[in-house]
Amino acid sequence: MHFLSARKRAVGLGAARSGTERHWIMTISSVALAVLTPLFVWQVAPLFGASFDTVLTAFSAPFRAVITGLMILLGFHHLAIGARIMLEDYAHGETRKFLIIGMYVICFVAAATGLFALARIAL
Amino acid sequence: MADVNRGKRPLSPHISIWRWQINSISSILTRITGNALLISFLLFVWWLLAASTSPEAFDLANGFLTSWFGKLVLVFSALGLWYHFLAGLRHLWWDSGHGLDMKTAELLGWACVIGSVILTALTIVLVWGV
């Protein structure tokens with residue numbers, strides 16, 4: 001036992017035996033979103049309520065378009081995993097499976113739709 | 001061996017037995033705001049898709065956003081977004097092994113609640129110019 005490090009002895013002994021990967025993915029996306037959120041509020045939020053032409057012109061600016069694309073991509077990814085963690089806590093059995101699948105469908109369809117719309121405006 | 005006591009085992013005390021305090025409230029608020037932001041994000045995608053479709057489609061989405069109900073949704077979206085943003089920063093700070101003593105943890109909880117209200121007010125004034 002003296003040849004094993006404390007970490008090596010602990011690996012695999014957790015009740016779930018897995019799951020840290022998802023925590024790490026949420027950490028990565030949360031750091032990205034922590035940077036993106038103020039940029040999004042600064043660059044995109046002022047456009048809510050603006051005229052049609054203003055909005056079309058605004059999204060052809062590269063910086064704003066990239067911020068928006070990243071917000072859609074990482075936001076929905078973060079949301080899908082976060083919602084899944086919540087559903088795993090509160091929903092059980094078949095209901096849990098249907099809700100998680102449904103949530104992933106909504107998040108990914110919305111993300112793809114958002115990116116499509118953004119590309120059509122920006123390009 | 002068959003589990004003869006299935007369903008009758010004692011459960012650990014759950015939320016009904018504990019006194020509410022800032023740490024539990026700020027924790028559940030993080031989950032509520034994070035999941036509620038789905039509505040905000042879907043609304044944003046609808047608005048963006050409408051802008052890419054036609055002026056008529058845009059008028060519909062824009063009309064909703066500028067109605068009193070749309071504005072209410074926007075304000076609550078900002079509040080939820082800023083709260084979740086601050087709670088996320090707090091989580092990252094905790095995950096790196098800082099601020100885990102009771103006094104700092106409680107202070108950070110209040111910082112999230114009060115900070116999100118301040119940031120929302122700033123968003124309304126500076127970003128939306130109301």
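Throughout, protein chains are lettered first and strands after them, A, B, ... in sequence-line order, and every chain is numbered starting at 1. As the structure is a computational prediction, the values presented were derived from the model and not from experiment.
- Within the 4.5 Å cutoff, the side chain of Leu43(B) has no heavy atoms near those of the Phe48(A) side chain.
- For Ser54(B), the part lying near chain A is the backbone, with the side chain staying farther off; criterion is any non-hydrogen pair under 4.5 Å.
- In this structure, the portion of Thr68(A) lying under 4.5 Å from any heavy atom of chain B is its side chain and not its backbone.
- Side-chain contact between Arg22(A) and Arg84(A): present, with at least one pair of heavy atoms (C-beta onward) separated by less than 4.5 Å.
- Looking at Trp82(B), the atoms closer than 4.5 Å to chain A (heavy atoms on both sides) all sit in the side chain, from C-beta outward.
- Both the backbone and the side chain of Leu118(A) come within contact range of chain B, judged by heavy atoms closer than 4.5 Å.
- In this structure, no portion of Asp59(B) lies under 4.5 Å from any heavy atom of chain A.
- When each of Asp53(A), Leu47(A), Leu33(A), Val44(A) is scored by its heavy-atom pairs under 4.5 Å with chain B, the top score falls to Leu47(A).
- Only the side chain of Leu74(B) comes within contact range of chain A, with at least one heavy atom under 4.5 Å from a heavy atom of that chain.
- His98(B) has its side chain out of reach of Thr104(B): every pair of non-hydrogen atoms, C-beta onward, lies at least 4.5 Å apart.
- Other residues, nucleotides and ligands contribute at most 12 non-hydrogen atoms within 6.0 Å of the CD1 atom of Ile39(B).
- Side-chain contact between Met26(A) and His23(A) is absent, with no heavy-atom pair separated by less than 4.5 Å.
- Met103(A) touches chain B through its side chain: at least one heavy atom from C-beta onward sits under 4.5 Å away, while N, CA, C and O do not.
- The shortest side-chain heavy-atom distance between Tyr83(B) and Val113(B) falls under the 4.5 Å cut-off.
- Counting heavy atoms from C-beta on, the side chains of Ile25(A) and His78(A) never come closer than 4.5 Å.
- Interface remark: of the candidates Ala122(A), Gly82(A), Ala111(A), Ala50(A), Ala50(A) forms the most heavy-atom pairs closer than 4.5 Å to chain B.
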Intermediate values then yes/no, side-chain contact (heavy atoms from CB on, under 4.5 Å), Arg31(B) and Ile85(A) = CA-CA 10 Å; Arg31(B) 175 164 278 186; Ile85(A) 295 168; 3.7 Å; yes
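- Looking at Leu89(B), only its side chain comes within 4.5 Å of chain A, counting heavy atoms on both sides.
- If you measure heavy-atom distances from Phe85(B) to chain A, the contacts under 4.5 Å come from the side chain alone.
- Heavy-atom pairs under 4.5 Å with chain A were tallied for Leu119(B), Leu37(B), Val127(B); the largest tally goes to Val127(B).
- Using a 4.5 Å cut-off between heavy atoms, Val41(A) touches chain B through backbone and side chain atoms alike.
- Here Pro55(B) is the residue among Ser77(B), Gly34(B), Pro55(B) with the most heavy-atom pairs under 4.5 Å with chain A.
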Check the pair Phe40(A), Phe44(B) against ring-ring contact (aromatic ring centres under 6.0 Å, His included), reporting the backbone distance first and the verdict last.
-> CA-CA 12 Å; Phe40(A) 183 82; Phe44(B) 174 65; 5.2 Å; yes
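- When each of Leu65(B), Leu92(B), Leu86(B) is checked for heavy-atom pairs under 4.5 Å with chain A, Leu92(B) comes out on top.
- Taking 4.5 Å as the limit, every side-chain heavy atom of Leu49(B) sits out of range of all side-chain heavy atoms of Arg120(A).
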